[in-house]
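In what follows, a single structure is set out as structure tokens and then discussed.
Residue numbers begin at 1 in each chain, while the letters A, B, ... track the order of the sequences. Just so you know, these numbers use all the heavy atoms, side chains as well, and skip hydrogens, waters and symmetry mates.
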Protein chains: 2
Amino acid sequence: MTGGTSAESRLRADARRNADQIRRAAIGAFHGRGLTVPLEEVAKAAGVSKATIFNRFGGRIGLIEAVIEEVVAVELFAIIDRARSIEDVGERLVYYITAVRDVQYRQPAVVDTMLETYPDSPSLVRICHAGGAFNEELSAACRTAGVLRAEFKGDDLHALLHDNALALKHGSRPSRADYDRRTGFVLDGIRSSPAS
Amino acid sequence: MTGGTSAESRLRADARRNADQIRRAAIGAFHGRGLTVPLEEVAKAAGVSKATIFNRFGGRIGLIEAVIEEVVAVELFAIIDRARSIEDVGERLVYYITAVRDVQYRQPAVVDTMLETYPDSPSLVRICHAGGAFNEELSAACRTAGVLRAEFKGDDLHALLHDNALALKHGSRPSRADYDRRTGFVLDGIRSSPAS
DNA sequence: AATAAGCTGACCAGTCGAGTCAAGTTAGCG
DNA sequence: CGCTAACTTGACTCGACTGGTCAGCTTATT
């Protein structure tokens, strides 16, 4: 195993170079335009033809698998870890919702991930599953601590983030200022006096 | 004008019958599946061929113009009128948001209307314009009365309803109970203690 | 220079629904 | 009744997309 004769190193030099360029281009394209960007465009950015992507990665799913870590997994798991480390439950909730909404705004790929656009990608499903689990965990903790209203169901947190993903995916993105202000409303509510 | 020799009555008997059936089918289909329902389906429900819809109404836009009143305009304007008649500004806001979210849930056609799916339809644009104007009016009144936080911008109310339309359009519709509960959260906020 | 790995342009495939038209059918009038 | 203009329609084109494939050419490697 010292020589590292993995599938990767069996490739001819030019093939490996192309694979690298494709990966890099995919990361850029996924970041900028989401996981649904036409493969043609990724190929163009990588300076190869679409067919080469199929040769190297077998298609979109394979390509996603190859780069999803850098594109969304790292950032998403960092948010979850960071949230877990926050003692105060209220603060934890605020941080989590704020951070997730922030990354949703900045990275279309995160939106596609959360919408489960490609259920055939194991990595993607794994990430969704992990996110969903944390949603449950967090809302349970919040309810127990009295930070959330009693009626708040576990699904509600997920629905909140999911609906925002849909709005970002299919709507026109608001200015950053508007978006952040609305994040505040989601957290604090729009009524100045939260009667009853 | 007594004879009523409108474009309608110049039609041959069978053509008028078909036009009626198409109108009725369109109302049903628009109600159930939104304004984007394939014309083929409307035709089938009306017992005619798609081409007949083009003969009678010139296409989707013409068909929408012909039935939009019954499908969404009446209900939407009724909500606005009803809201205007409510003295208490706070109640007015609650009623309006609740009623709009309710009709969005029940009628996909309202969602399509609010999303301006067909900007070439004058009637549709008119309805949107009226809705937008009332949104402005209402949120201004609420802010003045202190019912809404000072930072709440006129656009925010519109965005709130618009995003919900997107979620209903592209997502899976939640159970009625979940949906109504969340309507409550939108109004009251998710934090039990609305600290700053 | 032999050879197999690799690359690519051009192509097919499948989806979806709008819109059109030649040809057949029928209402309505004389 | 029978003629004609109005009407209907099945079958078609069109177009926009994107995923996926392959024969044939190019090039790394020994």
Side-chain angles (χ1 to χ4, degrees), chain A residues 3 5-26 29-30 33-66 108 112 115 117-121 124 169-170, chain B residues 5-26 29-30 32-66 108-109 112 117-121 124 169-170:
Chain A
T5 323
S6 59
E8 193 73 333
S9 37
R10 292 177 196 286
L11 287 173
R12 227 170 66 178
D14 54 347
R16 195 175 330 166
R17 197 169 46 239
N18 282 336
D20 274 349
Q21 284 170 331
I22 291 169
R23 248 189 299 272
R24 223 168 308 149
F30 286 164
R33 311 228 304 142
L35 301 180
T36 61
V37 62
L39 291 184
E40 185 81 49
E41 222 163 285
V42 177
K44 205 166 165 187
V48 300
S49 97
K50 182 176 48 150
T52 301
I53 295 183
F54 283 86
N55 288 341
R56 295 286 127 255
F57 299 92
R60 183 186 301 277
I61 302 295
L63 186 55
I64 290 176
E65 298 285 318
D112 291 325
L115 294 179
T117 308
Y118 299 103
D120 290 343
S121 163
L124 241 36
K169 175 88 179 169
H170 300 282
Chain B
T5 322
S6 60
E8 192 73 334
S9 38
R10 292 176 196 286
L11 290 173
R12 223 168 70 177
D14 54 346
R16 194 177 327 168
R17 198 170 45 240
N18 281 337
D20 274 350
Q21 284 171 333
I22 291 169
R23 247 189 299 272
R24 225 168 306 150
F30 286 163
R33 310 229 303 143
L35 301 180
T36 62
V37 62
L39 291 184
E40 185 82 52
E41 225 163 284
V42 177
K44 205 165 163 186
V48 301
S49 97
K50 183 176 46 152
T52 301
I53 295 182
F54 283 86
N55 289 339
R56 294 288 127 254
F57 298 93
R60 184 186 301 278
I61 303 295
L63 186 54
I64 289 176
E65 298 285 318
D112 291 325
T117 309
Y118 298 104
D120 289 344
S121 162
L124 240 36
K169 174 86 180 172
H170 300 282

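- Nucleic acid contact for B:Asp14: sugar-phosphate only, since backbone atoms but no base atoms lie under 4.0 Å from a heavy atom of the residue.
- For A:Ser49 and C:dC7, the shortest distance from a side-chain N or O to OP1 or OP2 is not below 4.0 Å.
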inquiry  = Using side-chain contact (heavy atoms from CB on, under 4.5 Å), reason through B:Phe30 and B:Leu63 one step at a time and then give a plain yes or no.
reply    = CA-CA 10 Å; B:Phe30 286 163; B:Leu63 186 54; 4.2 Å; yes

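- Rounded to whole Å, the distance from CG on A:Leu11 to C1' on C:dA4 is 14 Å.
- We find that CZ of B:Arg10 is positioned 18 Å from P of D:dA5, with the value rounded to whole Å.
- Residue B:Ile61 contributes atom CD1, which lies 16 Å from atom P of C:dG17 at whole-angstrom precision.
- Comparing B:Pro38 and B:Ala51 against DNA chain C, the residue whose closest nucleotide sits nearer the 5' end is B:Pro38.
- Regarding contacts with the backbone of D:dT8, a side-chain N or O of B:Arg56 is found under 4.0 angstrom from either OP1 or OP2.
- A:Leu39 has its CG atom 12 Å from the P atom of D:dT21, to the nearest Å.
- Listed candidates were C:dA4, D:dT9, C:dC7. Nearest to the side chain of B:Asn55 is D:dT9.
- In this entry the distance linking CZ of A:Arg16 with P of C:dA5 reads 16 Å, nearest Å.
- Taking atom CZ of B:Phe54 as the reference point, atom P of D:dC12 lies 18 Å away to the nearest angstrom.
- Backbone-only contact: B:Ala13 has heavy atoms under 4.0 Å from sugar-phosphate atoms and none from a base.
- Between the CG atom in B:Asn18 and the CZ atom in B:Arg23 there is a gap of 11.0 Å [rounded to 0.5 Å].
- The CD1 atom of B:Ile22 lies 6.0 Å from the OG1 atom of B:Thr52; values are rounded to the nearest 0.5 Å.
- Contacts of B:Arg17 with the nucleic acid, taken as non-hydrogen atoms under 4.0 Å apart, are absent.
- One can place CD1 of A:Ile53 at 14 Å from P of D:dT21, the figure rounded to the nearest angstrom.
- An OP1 or OP2 oxygen of C:dC7 is reached within less than 4.0 angstrom by a side-chain nitrogen or oxygen of A:Asn18.
- Between atom CD of residue A:Glu65 and atom CG of residue A:Asp120 there is a gap of 10.0 Å, rounded to the nearest 0.5 Å.
- One can find a donor-acceptor pair under 3.5 Å joining the base of C:dG19 and the side-chain atoms of B:Lys50.
- Minimum atom distance to the side chain of B:Thr52 is reached by D:dT9, of the listed D:dA28, D:dG20, D:dT9.
- Taking every side-chain heavy atom of B:Arg12 into account, D:dA6 is the closest of D:dA6, C:dA5, D:dG20.
- When the P atom of D:dT21 is taken as reference, atom CD of A:Glu40 falls 16 Å away, rounded to whole Å.
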key: Step-by-step side-chain contact (heavy atoms from CB on, under 4.5 Å) determination, A:His170 to B:Lys169   = CA-CA 9 Å; A:His170 300 282; B:Lys169 174 86 180 172; over 6 Å; no

